[in-house]
Every structure is written in C-alpha cells, then in structure tokens.
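Reading through the structure tokens given below for one structure.
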Amino acid sequence: MESQLEAVRQDICSVKDKILAIEQDLAIAKQAGNKGGEEEVSFLRGRLDKLDSQLLSLNEKENILLRGHAPDPDLIARIAYLEEQRQLDDGLARKLYDNVFRYSESKISKSTNRKLKGRLKAAYGKTVQGKLVCMLTSEALPSKTVIAAHLYKSSWAVFVELALGFSDIDDVRNGLLLWKPIEHAFDTAQLCFTYDSQTNSFVAQVLNSALLTEKLSSYGQRVMGASWAAPSSARAMTLTFADIDKAALSFPSGCEVRPFKRVLCYQAHVARREAAKQGWIQINFDDFWSEDEPYVAKVQHWLSKQTADAYGE
C-alpha cells in the first residue's frame with residue numbers, strides 16, 4: 001500500500017510540474033499575437049485541460065489509497081475514463097510532434113530565403129570567380145546550389161522563441177551555407193553536426209549508412225531536378241557522403257560568428273531519434289549547448305516534451 005501511495009504521489013508531482021511548464025509556455029504563446037501564436041495557445045490549453053483531468057484522477061487514486069477501503073464503483077469507472085482520455089491525448093501529442101517538429105522532406109523550404117542568404121554571405125561567404133563556397137566541402141560551387149540552410153526550420157518560426165530563446169528565424173547564427181545535397185540530408189535528419197571540444201569544431205555525422213557510397217553530385221541532381229547546376233571541380237564531382245562524414249565546418253579567418261550550439265544540438269537529438277527509428281547508424285555525443293546559458297533549461301524542456309510526448313522515452 002505504501003509503495004503504491006508513494007508512486008501515485010510521485011506521479012502527482014510530475015503532473016504538477018508539467019502543468020507549471022505549460023502555463024509558462026502558454027503565457028509566452030499568448031504574447032505571439034499572430035495566427036501561429038493562436039494555434040499554439042489552443043494546443044497548450046488543450047494539453048492543460050487534459051493534465052488537469054489527469055491530476056484529478058491521480059488525486060482520487062491517492063484518496064482511495066489513504067482511505068484504505070474498497071472504492072465506489074462509480075469512482076473506479078471515472079478514474080478509468082480519465083486514464084483512457086489521458087492515453088488518447090498522449091497519442092495525439094505523439095502525432096503532433098512526429099509530424100510537425102520533425103526534420104523531414106515535407107518541412108524543406110521550396111524557395112530561396114534571400115534575407116538569410118544575404119546575412120550568411122556577409123558573415124561566412126567566400127566567392128571564387130562568382131561561385132559560392134560551401135562551408136563543409138570548401139568547394140566553390142554554383143551559387144544557386146549553395147543553400148542558406150535554416151538550422152531550426154523556417155516553418156517553425158512561431159515556436160522559435162518558445163523553444164530555443166531567439167526571436168528572428170533568419171538570425172545568421174541559425175543558418176549555414178551548405179551545398180544542396182548536404183542541406184537536404186540535414187533537413188531530412190540523415191545528417192547532423194556535433195561539436196568536438198578538443199578541436200573547437202562542428203563535425204558532420206552522416207546518419208543514414210545507405211548514403212555513404214553515394215556521390216553528392218548525384219544526390220543533388222536527384223533532389224533539385226532541372227534546377228541543378230553541376231560543379232566544375234573534378235573533386236566536387238567525385239565527393240561522396242563518406243568523404244564528408246566526420247568533416248568539420250570551415251569559417252573565414254578572423255570570423256568570430258558561429259552557429260547557435262543549442263540549435264545544432266537540438267537538431268542532432270531529433271535526427272538521432274529518427275536514425276534509431278529507421279535503423280540507421282547509431283551515434284552518441286555529449287550535449288554541446290552549454291555556452292548558450294541561460295537558454296539551456298528552455299531547450300531541454302522543449303526537447304524533453306518531445307521526448308516524453310512524442311517518443312515515449
């Protein structure tokens with residue numbers, strides 16, 4: 001009896017913590033003042049209502065255990081109903097996070113973001129005879145195939161401050177200049193970047209082992225179709241994903257701007273979960289968002305909500 005009571009009380013504390021966190025998120029979402037903010041408010045209110053019901057159910061369980069006698073059948077039926085609703089709600093949450101906050105083909109931007117690309121070129125851009133250099137391959141490539149890649153997707157802009165603590169989705173630290181095949185692999189969770197503290201560098205990790213032998217140029221032509229422009233460099237034409245696996249991002253000499261660690265770490269966590277689901281290469285890495293205090297707790301909370309609600313971990 002005592003162990004059951006303790007377990008219920010721990011669940012009550014956990015639900016109360018979730019309610020407090022969602023109330024904080026709700027206050028932030030209400031300030032968004034746009035359509036995306038309204039959608040977030042509606043979703044969070046629904047979650048709050050379900051958690052309130054769950055808390056009521058747990059309180060009733062606690063009272064039953066404290067009374068130590070056979071409960072009223074109607075009360076048992078109510079608890080069972082509330083538990084069923086909670087499970088349904090968790091299922092909806094899993095579907096939301098799995099379909100919305102996921103690096104996948106459907107989330108890839110279909111148009112060039114001139115604003116972000118202009119900022120990235122100003123911060124990191126290097127041109128050679130009118131061609132733009134990719135920050136991972138260091139190859140000078142046709143400019144239209146070097147993409148201004150959002151690290152945290154532009155389609156999630158309304159959530160960026162809530163999740164990661166900055167307001168401008170086109171912040172230069174939320175982007176990289178990447179050759180299209182690399183940008184596409186990143187956007188579909190087949191590639192991520194981790195941080196090597198010994199070399200102070202961001203290192204590419206190819207997660208989908210099936211890509212390792214594929215040439216980047218072939219992959220780029222496949223995903224860009226008629227818009228593809230082949231590189232003139234013989235090296236670029238022969239590069240495979242295996243060649244960029246474990247390669248480090250390069251930055252111009254004297255440039256102190258670096259991408260948000262917390263955003264790359266966030267994407268790496270999401271991509272690693274996708275890799276596990278797909279049975280791809282497994283990687284382990286140490287969290288590397290510590291330089292971004294005081295936002296660490298915010299990112300961990302947002303990621304933990306996805307982990308708990310979306311993947312049941």
Side-chain angles (χ1 to χ4, degrees), residues 98-157 169-172 174-193 204-245 247 249-250 259 263-264 267 270-271 274-275 278 280-281:
D98 199 37
N99 289 295
V100 178
F101 301 106
R102 183 181 184 186
Y103 288 78
S104 63
E105 188 79 34
S106 64
K107 303 299 184 296
I108 295 176
S109 176
K110 304 302 181 184
S111 59
T112 300
N113 187 300
R114 298 179 186 275
K115 183 177 181 181
L116 179 62
K117 192 164 188 177
R119 290 178 174 180
L120 290 171
K121 287 170 70 174
Y124 306 135
K126 179 182 177 182
T127 58
V128 177
Q129 296 180 343
K131 295 178 180 179
L132 191 57
V133 174
C134 166
M135 296 176 67
L136 187 60
T137 64
S138 296
E139 286 287 328
L141 302 158
S143 181
K144 70 176 183 178
T145 67
V146 178
I147 309 300
H150 280 99
L151 307 183
Y152 186 79
K153 304 301 298 171
S154 58
S155 59
W156 306 332
I169 197 69
D170 294 321
D171 190 307
V172 69
N174 187 44
L176 293 170
L177 290 170
L178 299 174
W179 197 14
K180 180 60 182 183
I182 300 168
E183 180 259 357
H184 188 277
F186 177 88
D187 276 353
T188 52
Q190 299 179 89
L191 177 149
C192 68
F193 292 95
Q205 304 278 353
V206 178
L207 302 175
N208 184 356
S209 56
L211 289 182
L212 291 171
T213 58
E214 184 165 3
K215 291 181 180 180
L216 296 174
S217 57
S218 299
Y219 185 99
Q221 185 173 19
R222 187 171 73 252
V223 298
M224 286 192 76
S227 298
W228 175 250
S232 57
S233 161
R235 176 178 178 269
M237 286 295 294
T238 58
L239 280 175
T240 66
F241 278 95
D243 293 323
I244 63 167
D245 189 36
L249 289 170
S250 61
V263 184
L264 284 175
Q267 188 272 348
V270 175
E274 184 68 20
Q278 298 294 338
W280 297 339
I281 290 174

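Numbers here are sequence positions counted from 1.
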Original post:
Which residue pairs satisfy the salt bridge (Lys or Arg N to Asp or Glu O under 4.0 Å) criterion with at least one member in residues 209-224, sequence neighbours excluded?
Top reply: E214-R222
Check residues 116-128 and write down every donor-acceptor pair under 3.5 Å in which the side-chain atom is one partner and the other belongs to a residue at least two apart or another chain.
from : atom 1 : to   : atom 2 : distance (Å)
K117 : NZ     : S143 : O      : 2.8
K117 : NZ     : V146 : O      : 2.8
R119 : NH1    : D168 : OD2    : 2.7
R119 : NH1    : D170 : O      : 2.8
R119 : NH2    : D168 : OD2    : 3.4

**OP:** Provide the full list of salt bridge (Lys or Arg N to Asp or Glu O under 4.0 Å) pairs with a residue in residues 131-148, sequence neighbours left out, each pair given once.
**Re:** E139-R235
Original post:
Do Q190 and V206 have side-chain heavy atoms sitting under 4.5 Å apart?
Top reply: no
Original post:
Given the rule in the side chain to side chain contact (heavy atoms under 4.5 Å, CB included) test, do Q267 and L151 qualify, once you have shown the distances and angles that lead to the verdict?
Top reply: CA-CA 7 Å; Q267 188 272 348; L151 307 183; over 6 Å; no
Subject >> Test side chain to side chain contact (heavy atoms under 4.5 Å, CB included) applied to C192 and V270, L207, L264, the passing residue >> reply: L207
**OP:** Name the orientation class of the two ring planes belonging to F186 and F193 (parallel below 30°, tilted from 30 to 60°, perpendicular beyond 60°).
**Re:** tilted
**OP:** Kindly determine whether L191 and L211 satisfy side chain to side chain contact (heavy atoms under 4.5 Å, CB included), including the steps that lead there.
**Re:** CA-CA 10 Å; L191 177 149; L211 289 182; over 6 Å; no
Original post:
Considering residues at least two apart in sequence or located in another chain, which fulfil the side-chain contact (heavy atoms from CB on, under 4.5 Å) criterion with S209?
Top reply: L212, I281
Original post:
Which pairs, with at least one residue in residues 214-237 and sequence neighbours excluded, count as a ring-ring contact (aromatic ring centres under 6.0 Å, His included)?
Top reply: W179-W228, H184-Y219, Y219-F241
Subject >> A157: partners by side-chain contact (heavy atoms from CB on, under 4.5 Å), with sequence neighbours left out >> reply: I169
Subject >> Check: M135 main-chain N/O paired with S250 side-chain donor or acceptor under 3.5 Å >> reply: yes
Subject >> By side chain to side chain donor-acceptor pair (under 3.5 Å) - contacts of S217 (at least two apart) >> reply: none
